Undergrad: 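Got a structure here, written out as structure tokens. Questions coming.
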Protein chains: 2
Amino acid sequence: MSYEYAIAALADPTRRAIIDRLRSGALPVGAIHDGMPVSRPAVSQHLRVLSDAGLLTVTPCGNRRLYAIAPEGVDNLRRYLDSLWDDALAAFARAAEEQAKGNSK
Amino acid sequence: MSYEYAIAALADPTRRAIIDRLRSGALPVGAIHDGMPVSRPAVSQHLRVLSDAGLLTVTPCGNRRLYAIAPEGVDNLRRYLDSLWDDALAAFARAAEEQAKGNSK
DNA sequence: ACAAATCGTAAGCGATAACTTACGGTAAGT
DNA sequence: ACTTACCGTAAGTTATCGCTTACGATTTGT
């Protein structure tokens, strides 16, 4: 249902870089921003988009806020692509068979 | 390697609608455009983007051009999301274990 | 209590993207 | 040969997006 926001969120390279940094586990905003070519507020805005898309979870921890990848959000996208892949493969096989029939005649 | 273009291409709802129409098999541009809320040149431009992203294949067939989903392009994205899902799950499990340890003390 | 750190939000700006209309080019039908 | 159908491309416009700077709120440390 909401995989649309997830795929739109992952379309941006900066947001993918953020996601990549969170692959090994949760991080506060400062650590995510460290070494990034954009400002910290920009990172905050991207984190907002990723959270709204269901790709990240936020857990306030004292002074800081820990962001982590939400497996469920990623799985939504995965399922969409899986169904697309199934249909694409079936259509591909059907087309190949069709052409083989046409050539053998 | 080139899944970046693919995910950017699929971020647009109109392009996803085009992809959905091709799930059952190849179609010419006119059939893809039928009933769509945008102009036919717009569809052509979207088809161009999807082709450049490796998500579609084109086969000129007489007067028309048949577009079909390229399974390989879809698979590229699938693999990216699979690896992301693996890491996200691992990190999630690790965090849960960590927290359980902290609570049990 | 005061200062420093961490983070989100508001406002504004420049670039990009999606769309339209108009046009050209090639293949099929008469 | 001429017309019609099918499709891609060019030019221009409008809206959206990603970014920056500036500011406010909350929490930690002294």
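All values derive from a computational prediction rather than experimental measurement. Below, chains carry the letters A, B, ... as their sequence lines are ordered, and counting in each starts from 1.
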Undergrad: Under 4.0 Å between a side-chain N/O of B:Y67 and OP1 or OP2 of D:dC6, yes or no?
TA: no
Undergrad: Nearest-Å distance, CD1 (A:I32) to P (C:dC7)?
TA: 8 Å
Undergrad: Just wondering, do B:Y5 and B:D52 contact through their side chains at under 4.5 Å, heavy atoms?
TA: no
Undergrad: Of all the choices, D:dC6, D:dG8, C:dC7, which nucleotide is nearest to the side chain of B:S44 once you look at every atom?
TA: D:dG8
Undergrad: Send over the distance from A:D52 CG to D:dG18 P, rounded to a whole Å.
TA: 13 Å
Undergrad: Taking the side chain as every heavy atom from C-beta outward, state whether B:E72 and A:F92 have any pair of such atoms under 4.5 Å apart.
TA: no
Undergrad: Rounded to whole Å, how long is the line connecting atom CG of A:L56 with atom P of C:dC7?
TA: 14 Å
Undergrad: Is any side-chain nitrogen or oxygen of B:R65 closer than 4.0 Å to OP1 or OP2 of D:dG8?
TA: yes
Undergrad: Going by distance alone, is a donor N or O of one side chain under 3.5 Å from an acceptor N or O of the other, for B:R94 and A:S24?
TA: no
Undergrad: I'd like to compare against my own output: the B/S/- annotation of nucleotides 15-21 of chain C with a strict under-4.0 Å heavy-atom distance to protein.
TA: ---SBBB
Undergrad: Working to the nearest 0.5 Å, report the span between CD1 of A:I18 and CG of A:L27.
TA: 11.0 Å
Undergrad: Picking from C:dC7, D:dT27, D:dC7, which would you name as closest to the side chain of A:N63?
TA: D:dT27
Undergrad: I'd like to know if the side chain of A:R15 pairs up with that of A:H46 as donor and acceptor (distance under 3.5 Å, no hydrogens or angles considered).
TA: yes
Undergrad: Measure the distance from CG on B:L47 to P on D:dT9 and round it to the nearest whole Å.
TA: 11 Å
Undergrad: In this structure, how many angstroms lie between the C1' atom of C:dC7 and the CG atom of A:L66, rounded?
TA: 12 Å
Undergrad: For the pair made of CZ in A:R48 and C1' in D:dC19, what is the distance, rounded to whole Å?
TA: 17 Å
Undergrad: Report the distance from atom CE of B:M36 to atom P of D:dC7, rounded to the nearest whole Å.
TA: 14 Å
Undergrad: Given the rule in the salt bridge (charged side-chain N to carboxylate O under 4.0 Å, His left out) test, do B:R79 and B:D82 qualify, once you have shown the distances and angles that lead to the verdict?
TA: CA-CA 5 Å; B:R79 280 201 296 267; B:D82 279 352; over 6 Å; no
Undergrad: B:R21 side chain to B:D34 main-chain N or O, any donor-acceptor pair under 3.5 Å?
TA: yes
Undergrad: In whole angstrom, what separates A:D34's CG from C:dA5's P?
TA: 14 Å
